[in-house]
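These notes are about the structure you will find just below.
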Amino acid sequence: MKAQFGQLRRQPFLSQDYYLAAAARLRTWNSELVDNLNRPDLGRQNLSLEAAQLVDNAYQLFSLRYTAGEPLEQLRLELPNVIEAYEQYQRALAAYEQIPDVAPLGLVRLEEYECCMQLIGLCYLLHRRDLLPRIAALEDPAYAGEDVLYEELLDYSLPGRFETEDLKFVEVYDPLVQAMYADADEEAQGAVAEYVARWYPWFKLAPWHDGHLRINGTDGDYFGYWAFEAGAVALLCDVDDSSIDHLVYPRDLVAWARDHRHLSNADGLDGSDTSGRARLRCDSGQPCPQTGYWLTPAQLDSRRHFNAGDVMPSLGGDYGVTIWQWDDNQQA
């Protein structure tokens with residue numbers, strides 16, 4: 001079993017024992033946070049802090065699972081749960097700060113800026129473009145038109161974005177922007193390679209930096225180092241990445257995304273399905289909007305039949321609210 005884990009893991013620092021323990025810790029912690037978020041007596045400030053921790057945990061668990069070699073098809077279904085956690089945090093933060101349109105990721109802070117770019121990158125690499133409008137809805141009220149990388153990445157799926165030449169962190173992200181504007185493939189390839197090479201050192205002040213050195217048996221705070229946004233640029237700009245061999249570059253995810261381009265148009269998850277059925281979703285605790293079979297990425301083998309008006313149940317997933325999705329296969 002451990003030998004198989006060593007072959008599947010996507011970075012060498014992760015042992016099976018550490019992964020299982022770290023994932024279990026995050027799931028237990030998330031369950032406690034979800035319980036706390038249902039306690040208005042904690043007050044708005046504490047609720048916003050609990051929601052902020054849930055956001056961190058949700059992304060860390062997702063990244064940890066990718067690092068451990070979990071199947072991309074499953075991670076593709078679970079990415080909405082990470083976005084849902086950010087939406088929940090935005091609501092809690094808005095209530096505390098009394099700013100309705102406050103952004104959950106401050107693009108003026110390097111670590112939060114990077115997290116936003118990672119999330120956008122994952123939407124492209126996992127063919128979940130349907131999630132991009134939700135990210136834009138969270139960030140646009142504060143940052144629309146203020147950063148060229150943010151705008152250019154979103155423009156591939158949400159055309160008509162704002163024109164700007166401003167870049168929040170030029171010293172870090174300029175190579176990635178240059179890769180998107182490059183006239184020749186060799187130039188784009190060199191720019192992506194340069195960005196990937198400088199990525200890890202630029203985040204030396206981030207709490208997660210050197211996390212692999214703090215692993216002590218099954219204890220630690222390492223969950224993987226990934227420049228997902230670099231992979232997204234390589235995918236979107238059709239950059240030849242055959243010579244880009246770096247620990248933080250998600251090579252297998254880019255290759256998978258290229259091999260599965262049909263997913264963006266095949267199942268309606270990117271919003272392309274005109275029937276509307278594939279886009280149906282319902283949160284736990286809400287009435288079922290349509291009679292039929294539903295499933296949720298919060299639990300394997302979760303497919304169930306509900307009648308319109310039934311209250312959708314919570315399955316106690318890792319991220320809080322259980323999100324039920326309409327199953328295209330409506331056969332009994």
Side-chain angles (χ1 to χ4, degrees), residues 10-11 63 66-67 69 72-73 75-76 79 107 110 113-132 135-136 145-203 224-266 269-270 272:
R10 295 181 170 103
Q11 285 183 348
S63 179
Y66 172 74
T67 307
L72 296 176
E73 291 79 5
L75 293 175
R76 179 175 183 258
L79 184 58
L107 299 191
L110 178 58
Y113 181 100
E114 170 59 21
C115 191
C116 184
M117 298 306 123
Q118 288 173 320
L119 290 175
I120 294 173
L122 282 167
C123 289
Y124 284 113
L125 293 170
L126 290 170
H127 294 299
R128 292 307 308 260
R129 296 190 182 202
D130 60 306
L131 301 175
L132 291 170
I135 294 176
E146 293 192 7
D147 184 84
V148 63
L149 182 57
Y150 173 75
E151 294 297 338
E152 289 295 326
L153 283 174
L154 288 178
D155 191 68
Y156 275 89
S157 185
L158 307 174
R161 295 290 305 181
F162 298 88
E163 294 287 341
T164 181
E165 295 181 357
D166 294 334
L167 182 60
K168 297 292 185 185
F169 300 96
V170 176
E171 66 276 16
V172 183
Y173 294 97
D174 185 63
L176 207 56
V177 175
Q178 295 305 316
M180 300 179 81
Y181 290 161
D183 295 325
D185 185 68
E186 293 80 6
E187 181 183 351
Q189 182 183 36
V192 173
E194 178 186 352
Y195 174 77
V196 170
R198 68 165 64 179
W199 185 87
Y200 186 75
W202 272 112
F203 292 96
Y225 313 123
W226 298 107
F228 291 122
E229 66 280 8
V233 168
L235 174 70
L236 295 170
C237 300
D238 200 23
V239 177
D240 179 6
D241 62 355
S242 57
S243 65
I244 300 176
D245 185 17
H246 196 285
L247 183 75
V248 306
Y249 184 72
R251 174 184 295 278
D252 77 311
L253 183 49
V254 178
W256 181 90
R258 286 174 169 156
D259 290 341
H260 292 78
R261 292 181 189 271
H262 63 282
L263 289 176
S264 285
N265 298 315
L269 289 178
D270 68 343
S272 61

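Sequential numbering from 1 along the given sequence is applied to the chain's residues.
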> salt bridge (Lys or Arg N to Asp or Glu O under 4.0 Å) with R161: which residues, sequence neighbours excluded?
Replying inline: D140, E151
>> Run the side chain to side chain contact (heavy atoms under 4.5 Å, CB included) test on V233 and Y124 for me, step by step, so that the C-alpha distance in whole Å, both residues' side-chain angles and the decisive distance to 0.1 Å come before the verdict.
In response: CA-CA 9 Å; V233 168; Y124 284 113; over 6 Å; no
> Rounded to the nearest 0.5 Å, what separation is found between the CG atom of L122 and the CG atom of L75?
Replying inline: 9.0 Å
> How about V148 and E165: do any of their side-chain heavy atoms sit closer than 4.5 Å?
Replying inline: no
> Is there a side chain to side chain contact (heavy atoms under 4.5 Å, CB included) between Y150 and I120 once you walk through the steps?
Replying inline: CA-CA 9 Å; Y150 173 75; I120 294 173; 4.0 Å; yes
> Which atom pair, heavy atoms only, marks the closest approach of L235 to L125?
Replying inline: CD2-CD2, 4.1 Å
>> Please find the pair of heavy atoms, one from L110 and one from Y173, that lie closest to each other, and give the distance.
In response: CD1-CE1, 3.8 Å
> Is R76 reaching over with its side chain to a backbone N or O of H127, donor-acceptor style, under 3.5 angstrom?
Replying inline: yes
>> Suppose we screen for side-chain hydrogen bond (donor to acceptor under 3.5 Å, both in side chains). Which residues come up paired with E187, at least two apart in sequence or across chains?
In response: none
> Yes or no on side chain to side chain contact (heavy atoms under 4.5 Å, CB included) for L119 and L131, after CA distance, side-chain angles and deciding distance?
Replying inline: CA-CA 9 Å; L119 290 175; L131 301 175; over 6 Å; no
> For T67, what residues pass the side-chain contact (heavy atoms from CB on, under 4.5 Å) criterion, not counting sequence neighbours?
Replying inline: Q11, L14, S63, Y222, W226
>> Could you measure the distance from the OG atom of S157 to the CZ atom of R128? Nearest 0.5 Å is fine.
In response: 12.0 Å
>> Which residues pass the salt bridge (Lys or Arg N to Asp or Glu O under 4.0 Å) test with E194, not counting sequence neighbours?
In response: R198
>> Please list all pairs meeting salt bridge (Lys or Arg N to Asp or Glu O under 4.0 Å) that have one or both residues in residues 230-242, counting only residues at least two apart or in different chains.
In response: D241-R258
Scan the side chains in residues 175-184 for donor-acceptor partners under 3.5 Å anywhere in the protein, sequence neighbours excluded, and list what turns up.
{"from": "Q178", "atom 1": "NE2", "to": "D174", "atom 2": "OD1", "distance (Å)": "3.3"}
{"from": "Y181", "atom 1": "OH", "to": "E152", "atom 2": "OE2", "distance (Å)": "3.4"}

> So do L149 and M117 actually touch side chain to side chain, heavy atoms under 4.5 Å?
Replying inline: yes
> Would F228 and Y66 count as a ring-ring contact (aromatic ring centres under 6.0 Å, His included) if you check the C-alpha gap in whole Å, the side-chain angles of each, and the deciding distance to 0.1 Å?
Replying inline: CA-CA 11 Å; F228 291 122; Y66 172 74; 5.4 Å; yes
>> Just to verify, what does E146 make a side-chain contact (heavy atoms from CB on, under 4.5 Å) with, not counting sequence neighbours?
In response: Y143, K168
>> Among residues at least two apart in sequence or on other chains, which ones pass side-chain hydrogen bond (donor to acceptor under 3.5 Å, both in side chains) with D147?
In response: Y113
> Between atom SG of C123 and atom CD1 of I135, what is the distance when rounded to the nearest 0.5 Å?
Replying inline: 4.0 Å
> Among all residues two or more places apart in sequence or in another chain, which pass the side-chain contact (heavy atoms from CB on, under 4.5 Å) test with D166?
Replying inline: T164
> Who passes side-chain contact (heavy atoms from CB on, under 4.5 Å) against A227, sequence neighbours left out?
Replying inline: Y195, W199, E229, A230, V248
>> Can you list everything that forms a salt bridge (Lys or Arg N to Asp or Glu O under 4.0 Å) with D252? Sequence neighbours excluded, please.
In response: R10
> Looking only at heavy atoms, which two atoms of G231 and V254 are closest? And how far apart?
Replying inline: CA-CG2, 3.5 Å
>> Can you confirm whether more than 12 heavy atoms, excluding those of E171, are under 6.0 Å from its CD atom?
In response: yes
> Considering all heavy atoms of both residues, which atom of G160 and which atom of D155 are nearest to each other, and what is their separation?
Replying inline: N-OD1, 3.2 Å
